[in-house]
Amino acid sequence: MASIKDVAAEAGVSVATVSRVLNDHPSVSADARTRVLAAVENLGYRPNAVARSLRTDQTHTLGLVISDVMNPYFTELARSVEEEARALGYSVIIGNADERPDLQDHHVRTLLDRRIDGLLVSPTDGGSPLMLDAARAGTPMVFVDRWIPGVDVPVVRADGRSAVRDLVAHLHGLGHRRLAIIAGPAATTTGQERVEAFREALAAYGLDLPDAYIGQGDFQAESGRLVTEGFLDLAEPPEVVFAADNLMALGALDAVRARGLRVPDDLALAAFDDIRWFVHTDPPVTAIAQPTGELGRAAVRALVDRIEGRPGQSVTLPARLVVRRSCGENPTPVQRSTT
């Protein structure tokens with residue numbers, strides 16, 4: 001990454017002049033200002049992304065880049081982030097990556113250029129050089145829900161492994177033996193982790209997870225629908241489909257209904273990431289609930305600690321199984337999610 005010295009050399013001015021231009025100081029001539037800004041553009045220099053030491057003040061603004069604002073889980077997460085930030089004296093600027101790495105990096109770059117004090121990100125994949133460079137440069141940063149292996153910043157997330165084990169135990173107890181999963185993107189840590197947890201939980205009961213029972217989704221409803229259609233076309237369809245997020249579960253529900261079938265009579269359905277809507281579907285969906293509000297609040301606290309010079313700590317909170325009626329359970333009073 002270009003340094004402030006590189007900009008000064010490119011523009012033919014002193015480092016002090018570059019600093020004055022970047023801080024909008026009125027004492028700089030129009031010619032010098034033009035040359036400095038041209039050098040900044042040519043070199044791709046981002047003063048607030050390169051090093052924390054270059055900051056001259058605080059804006060009391062945090063950046064939040066979420067994976068998909070249309071996903072109710074991330075909507076709730078953003079709400080809790082904004083509430084906690086406001087309570088601590090910070091405002092929040094939100095960028096929606098729409099599960100696209102290029103759009104994610106666009107928002108990260110824009111937020112860094114806007115002189116935010118710190119950055120919260122739920123990465124869309126694990127290969128963003130921009131975030132690695134920003135972290136190495138000292139930008140206060142926290143990953144929430146997902147993370148990028150090898151980037152040394154605090155991670156605030158839920159541990160869903162225990163809840164996945166509880167789900168598989170529950171399904172096994174109901175007599176289900178052919179269990180399939182609609183997986184999230186393999187490039188995301190949550191996409192990988194949920195498949196691994198599901199496979200391990202099945203193995204504990206001597207059950208396999210054949211390739212035909214692993215459908216590749218993208219955390220979007222349409223992928224859930226397409227994968228479920230593929231499962232239903234198999235010579236031996238699964239008895240249960242476990243969708244690795246709520247939107248893919250809704251897509252799976254659409255696929256079942258489009259064929260005139262019913263959940264759970266023809267195909268049982270469970271989901272990771274409980275949402276308020278699941279109590280209103282017919283039948284209500286059995287799901288794994290994350291402590292979404294507390295994750296958002298904990299992420300803000302960890303980021304503010306880093307901004308204010310304290311060591312931000314990683315936080316892992318438990319997820320829990322919410323049993324309803326979409327897997328063939330006996331009718332019971334509906335359990336409402338607290339997320």
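Residue indices begin at 1 and follow the sequence shown.
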Once side chain to side chain donor-acceptor pair (under 3.5 Å) is applied, do any residues pair with [X], and if so which ones, sequence neighbours excluded?
X: Asp31; result: Arg35
X: Thr286; result: Glu329
X: Asp265; result: none

Say you draw a straight line from [atom1] of [X] to [atom2] of [Y]; how long is it, rounded to the nearest 0.5 Å?
X: Leu120; Y: Leu303; atom1: CG; atom2: CG; value: 4.5 Å
X: Arg178; Y: Leu207; atom1: CZ; atom2: CG; value: 11.5 Å
X: Ile182; Y: Thr228; atom1: CD1; atom2: OG1; value: 3.5 Å
X: Asp117; Y: Thr59; atom1: CG; atom2: OG1; value: 3.5 Å
X: His172; Y: Leu167; atom1: NE2; atom2: CG; value: 13.0 Å
X: Asp245; Y: Phe272; atom1: CG; atom2: CZ; value: 10.0 Å

Is the closest side-chain donor-acceptor distance between [X] and [Y] under 3.5 Å?
X: Ser122; Y: Ser67; answer: yes
X: Asp6; Y: Ser3; answer: yes
X: Gln313; Y: Asp305; answer: no
X: Asp145; Y: Tyr73; answer: yes

Determine the interplanar angle of the Phe242 and Phe198 rings, folded into 0 to 90°, and report it as parallel if under 30°, tilted if 30 to 60°, perpendicular if over 60°. tilted
Provide the closest heavy-atom pair for [X] versus [Y] in the form atom of the first, atom of the second, distance.
X: Gly215; Y: Val227; answer: CA-CG1, 3.5 Å
X: Ala244; Y: Gly184; answer: CB-N, 4.0 Å
X: Ala249; Y: Phe278; answer: CB-CZ, 4.1 Å
X: Ala268; Y: Cys327; answer: CB-CA, 3.6 Å
X: Ser326; Y: Pro264; answer: O-CB, 3.2 Å
X: Ala255; Y: Leu232; answer: O-CD1, 4.3 Å

Closer than 4.0 angstrom, basic N to acidic O: yes or no for [X] and [Y]?
X: Arg161; Y: Asp166; value: no
X: Glu222; Y: Arg225; value: yes
X: Arg301; Y: Glu294; value: yes
X: Arg100; Y: Asp98; value: no
X: Arg146; Y: Glu193; value: no
X: Arg165; Y: Glu196; value: no

Using a 4.5 Å cut-off on heavy atoms from C-beta on, say whether the side chain of [Y] contacts that of [X].
X: Tyr45; Y: Leu22; result: yes
X: Leu295; Y: Leu77; result: yes
X: Ile214; Y: Arg199; result: yes
X: Leu247; Y: Pro72; result: yes
X: Arg324; Y: Asp274; result: yes
X: Arg262; Y: Arg257; result: no
X: Val36; Y: Val13; result: yes
X: Met131; Y: Val121; result: yes

Decide yes or no on side chain to side chain donor-acceptor pair (under 3.5 Å) for Asp218 and Ser223, but give the supporting numbers first. CA-CA 6 Å; Asp218 61 4; Ser223 69; 2.8 Å; yes
Ignoring hydrogens and geometry, is there a side-chain-to-backbone donor-acceptor pair from [X] to [Y] under 3.5 Å?
X: Thr281; Y: Pro283; answer: yes
X: Glu84; Y: Val300; answer: no
X: Ser314; Y: Pro154; answer: no
X: Glu82; Y: Ser91; answer: no
X: His107; Y: Ala97; answer: no

Under the side chain to side chain contact (heavy atoms under 4.5 Å, CB included) rule, what do Val256 and Leu269 come out as? Steps first, then yes or no, please. CA-CA 10 Å; Val256 173; Leu269 176 65; over 6 Å; no
Is there a path of hydrophobic side-chain contacts, each under 4.5 Å between heavy atoms of I, L, V, M, F, W or Y residues, that connects [X] with [Y]?
X: Ile148; Y: Met141; result: yes
X: Ile116; Y: Leu103; result: no
X: Val304; Y: Val315; result: yes
X: Leu174; Y: Val323; result: no
X: Ile66; Y: Leu317; result: yes

What's the verdict on side chain to side chain contact (heavy atoms under 4.5 Å, CB included) for Thr188 and Thr124, showing C-alpha distance, side-chain angles and the deciding distance? CA-CA 6 Å; Thr188 63; Thr124 60; 5.6 Å; no
Give a yes or no on whether Arg177 atom CZ has more than 12 heavy-atom contacts from other residues, nucleotides or ligands under 6.0 Å away. yes
Crowding at CG, Asp233 (>12 non-hydrogen neighbours, <6.0 Å): yes
Quick one: do Leu119 and Leu111 satisfy side chain to side chain contact (heavy atoms under 4.5 Å, CB included)? Show the steps, please. CA-CA 8 Å; Leu119 185 62; Leu111 288 167; 3.8 Å; yes
State which residue, out of Val151, Val156, Thr189, fulfils the side chain to side chain contact (heavy atoms under 4.5 Å, CB included) condition with Phe143. Val151
Worked verdict on Leu253 versus Val263 for side chain to side chain contact (heavy atoms under 4.5 Å, CB included): CA-CA 8 Å; Leu253 192 59; Val263 172; 3.8 Å; yes
Check step by step if side chain to side chain donor-acceptor pair (under 3.5 Å) holds for Glu99 and Asn71. CA-CA 10 Å; Glu99 297 292 357; Asn71 186 323; 5.7 Å; no
Go through the steps for Gln290 and Asp273 under the test side chain to side chain donor-acceptor pair (under 3.5 Å), then give the verdict. CA-CA 6 Å; Gln290 300 196 73; Asp273 282 342; 2.4 Å; yes
